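Proteins come first, then strands; the chains are lettered A, B, ... in the order of their sequence lines, and each starts at number 1. Owing to the predicted nature of the structure, the values given are computational and were not obtained by experimental measurement.
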There are 2 protein chains.
Amino acid sequence: MNKCDQCIVRQLSSLKALNKEEVVKLANSKTSYSIKKGDAIFEEGEVTNGVFCIKDGVGKLSKLSANGKDQIVKLVKSGELLGQRSMISNEPANLSAKAIADMEVCFIPKSEIIHFFNNNNQFSLNLMQSICEDLKESENDKIALVQKTVKQRLAETLLHLHDEFGENADKTLKVQLTREELAGIIGTATESCIRLLSDFNKLELIELVGKKIMLKNVKALKKIAE
Amino acid sequence: MNKCDQCIVRQLSSLKALNKEEVVKLANSKTSYSIKKGDAIFEEGEVTNGVFCIKDGVGKLSKLSANGKDQIVKLVKSGELLGQRSMISNEPANLSAKAIADMEVCFIPKSEIIHFFNNNNQFSLNLMQSICEDLKESENDKIALVQKTVKQRLAETLLHLHDEFGENADKTLKVQLTREELAGIIGTATESCIRLLSDFNKLELIELVGKKIMLKNVKALKKIAE
DNA sequence: CTATAAATATGATATTTATCATATGAAAAT
DNA sequence: ATTTTCATATGATAAATATCATATTTATAG
């Protein structure tokens, strides 16, 4: 069995507060999964009864609307935990989690997390801080959705994707999102997103390399995003 | 000194997990304040170093945009705690908190809260659940902002205000918001908000009694909100 | 390898919403 | 009581964005 000690999630997430003994306990209770790009880790309404450690890959947390649009609430990447909120709230998942790139995840049962929570103050504080971070981000997103135009939000999102996920050797963004997904993040129609990307391309702020996106003028993008 | 034991906040918030001894400790460390309608409890960027218990009144958490609009992120009412997130994150306030109706609040220093957090598992779980609740609400708001029209959001907000704050003897909404504040909640221009209220009024979904709002056809409003 | 489907792209148009202008009513200040 | 200020209201636009239509390119299935 793969030990959790060296795992990136153990290094980056709330789990970093666990002591050796707890990590052994963790390693004994976890289940590993491979998730193919496009597949779901869990769906909205599902009772997960635990959290998922993201060892590798990128996922999206999203909610399907009545008109068939998939609003993306958050992207998650390796090192992060998934499903903390619904586990703590004792509620079915409010959002669906799907792989955007092939993922390696581990499932940790709720009992384990609650045990750590009750016996390790630093862990509970870390967990809480991570949820607080999510809350702050969500509130700021909410404000941006109202106070910024689609163009501003697109510029902001491109910069954010670049910061958070980095770039490939050819300087294109490492996260490979479809235009539809990108539209789902900034909260607009797919066509509007495509149109604006095309505008940015013409203005040489970005370059469209097939379906990939390369940031060419970060300064100008920042200015647009404000 | 007013004992905390009988306080509504003690009954409704995470503080309900405190034992007698802890409540005495709480009562000895708190400071009480009266906040006049319109005044701030704290401003964006301020370091609060503790949380506020809302004994009475209604407040708004909001952020001022570059163009002078005040986006309201959340309303808070008696029984709730304020400033939990920034205290836990060890960050200055991300939002300003202002009184919408005269308020009675108590300030509890951070050291006190951290002590409870470290020594009372039920308290820390409650606190965490309350923040998770905020996160869920914020995520759902975010989705609604994108997926619903201003009209839908107005209907939704009116119903929500009715549910959460109740009505006066004359059946009007108990929270007295200006049109500008209402616009700040649904994320639209003040004029658009006024216009839609006027439309709802003509359709007899609501009745505008001066500046007050009375819900007349809840079923139809629900249908609009979906 | 071709047929089919899906993603990207762009034009035309409709709809929604914001902005500017101005009027009226209500509250606060003197 | 009257002036002044502010909130509410409504019309006339302008701007932003969505929707529908239709290519074109790219990916996928058979």
Quick one: salt bridge (Lys or Arg N to Asp or Glu O under 4.0 Å) partners of [X], sequence neighbours excluded?
X: A:Glu164; value: A:Lys77
X: B:Lys37; value: none
X: B:Lys60; value: B:Asp70, B:Glu181

Over how many whole Å does the gap from [X] atom [atom1] to [N] atom [atom2] extend?
X: A:Leu208; N: C:dT8; atom1: CG; atom2: P; result: 10 Å
X: B:Lys212; N: C:dA26; atom1: NZ; atom2: P; result: 14 Å
X: A:Asn201; N: C:dT8; atom1: CG; atom2: P; result: 14 Å
X: B:Glu181; N: D:dT8; atom1: CD; atom2: C1'; result: 14 Å
X: B:Phe200; N: D:dT10; atom1: CZ; atom2: P; result: 15 Å
X: B:Gln176; N: C:dA26; atom1: CD; atom2: P; result: 14 Å
X: B:Ile194; N: C:dT24; atom1: CD1; atom2: C1'; result: 12 Å
X: A:Ile206; N: C:dA9; atom1: CD1; atom2: C1'; result: 13 Å

Do side-chain atoms of B:Asp56 reach the backbone of B:Val105 as a donor and acceptor pair under 3.5 angstrom?
-> no
Rounding to 10 degrees, work out the angle separating the end axes of the helix from C:dC1-D:dG30 to C:dT30-D:dA1 (five pairs an end).
-> 50°
If a pair satisfies salt bridge (charged side-chain N to carboxylate O under 4.0 Å, His left out) and one of its residues is in residues 87-107 of chain A, list it, with sequence neighbours excluded.
-> A:Lys36-A:Asp102, A:Arg85-A:Glu91, A:Glu91-B:Lys136
Which pairs count as ring-ring contact (aromatic ring centres under 6.0 Å, His included) when at least one residue sits in residues 30-87 of chain B, sequence neighbours excluded?
-> B:Phe42-B:Phe52, B:Phe52-B:Phe107
How would you label the contact of B:Leu197 with the nucleic acid (heavy atoms, under 4.0 Å): base, sugar-phosphate, or nothing?
-> nothing
Can you list, pair by pair, the side-chain donor-acceptor contacts under 3.5 Å of residues 142-149 of chain A, counting residues two or more places apart and other chains?
unit_1	atom_1	unit_2	atom_2	d
A:Lys142	NZ	B:Val73	O	2.9
A:Lys142	NZ	B:Asp141	OD2	2.7
A:Lys148	NZ	A:Glu156	OE2	3.0
A:Lys148	NZ	A:Ala225	O	3.1
A:Thr149	OG1	A:Gln152	N	3.2

Its contact letters, B for base, S for sugar-phosphate only and - for none at protein heavy atoms under 4.0 Å, make nucleotides 14-30 of chain D read ---SBBB------S---
Output side-chain donor-acceptor pairs under 3.5 Å for residues 194-213 of chain A, partner residues at least two apart or in another chain, one line each.
none

If you take all heavy atoms of A:Gly68 and A:Leu64, which pair is closest and at what distance?
->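 The answer is O-CD1, 3.9 Å.
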Short side-chain N/O contact from B:Ser198 to OP1 or OP2 of D:dT10, under 4.0 Å | yes
